[in-house]
Amino acid sequence: MDTAARRINIPAPGVKTSDQDSRSSLLFAAVIISASLIVILLLRFPPEQYAFLYPQCPIHHYLGILCPGCGTTRAIAALLRGHLLEALRFNALTTLSLPVIAGWIIFARKPLQCPRIPQTILYSAFAVAIIFTIARNL
């Protein structure tokens with residue numbers, strides 16, 4: 001058998017193959033389509049009028065306290081309508097975090113790969129969420 005036929009085509013490190021490019025393109029398209037559908041859903045069916053369409057927070061339902069995520073859907077819907085103060089009232093943590101998250105996504109070198117977040121940032125975010133939860137339930 002010919003030695004060329006036995007060779008395995010292994011790309012050099014850091015070089016993308018056409019399969020990887022097509023998967024990245026497909027993933028990017030799926031993210032864009034999903035985000036677009038969420039925006040359309042929130043604009044067409046505002047959470048204030050169609051609350052039955054959106055999931056209820058089990059922490060708020062069973063414990064009666066507001067978790068760090070309570071009001072996120074309503075805050076994003078308010079932001080999409082251009083109502084910043086209303087979004088801050090629904091969930092200030094989400095409203096203030098969105099520009100940071102958007103900047104991270106936009107300026108990431110590999111936007112479609114899961115980023116490695118330093119532990120100090122994770123612990124800081126966790127502490128902020130705990131403080132926010134305590135403050136909003138006082």
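Residue numbers run from 1 in the order of the sequence given. Predicted model, so just to flag it, every value in this text is computed and none were measured.
- With contacts defined as side-chain heavy-atom distances shorter than 4.5 Å, the pair Phe126/Leu122 does not qualify.
- Hydrophobic clustering keeps Leu80 apart from Phe90 (ILVMFWY residues linked when any side-chain heavy atoms are closer than 4.5 Å, directly or through intermediates).
- Scanning both residues, Phe45 and Tyr50, for their nearest heavy atoms gives CA-CD1, 3.6 Å.
- One hydrophobic cluster, built from ILVMFWY side chains closer than 4.5 Å, holds both Leu41 and Val39.
- Here CG of Leu53 is found 10.5 Å from CZ of Arg44. Values are rounded to the nearest 0.5 Å.
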CA sep, side-chain torsions, deciding dist, call: Leu43, Arg81, side chain to side chain contact (heavy atoms under 4.5 Å, CB included): CA-CA 8 Å; Leu43 289 175; Arg81 292 189 314 268; 4.2 Å; yes
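- Criterion: ILVMFWY side-chain heavy atoms under 4.5 Å apart, direct or through other members. Under it, Leu98 and Leu88 are part of a common hydrophobic cluster.
- Cluster membership for Leu79 and Leu85, using ILVMFWY side-chain heavy atoms within less than 4.5 angstrom, is shared.
- The environment of CD in Glu48 is crowded: more than 12 heavy-atom neighbours from other residues, nucleotides or ligands sit within 6.0 Å.
- Nearest heavy-atom pair, Thr133 versus Asn137, reported as atom, atom and distance to 0.1 Å: O-ND2, 2.7 Å.
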For residues 67-75, run the donor-acceptor check on the side chains, cut-off 3.5 Å, and write out each pair with its distance to 0.1 Å, sequence neighbours left out.
unit_1 : atom_1 : unit_2 : atom_2 : d
Thr72  : OG1    : Gly69  : O      : 2.7
Thr72  : OG1    : Asn91  : ND2    : 3.3
Thr72  : OG1    : Thr94  : OG1    : 2.9

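- Hydrophobic clustering, with ILVMFWY side chains joined whenever heavy atoms are under 4.5 angstrom apart, groups Leu42 together with Phe52.
- Atom OG1 of Thr95 is separated from atom CD1 of Ile76 by 8.0 Å, given to the nearest 0.5 angstrom.
- A distance of 11.5 Å separates CD1 of Ile32 from CG of Leu37, quoted to the nearest 0.5 Å.
- Among residues two or more places apart in sequence or in another chain, the ring-ring contact (aromatic ring centres under 6.0 Å, His included) test is passed with Tyr54 by none.
- Note: Leu96 CG to Leu84 CG = 8.0 Å, rounded to the nearest 0.5 Å.
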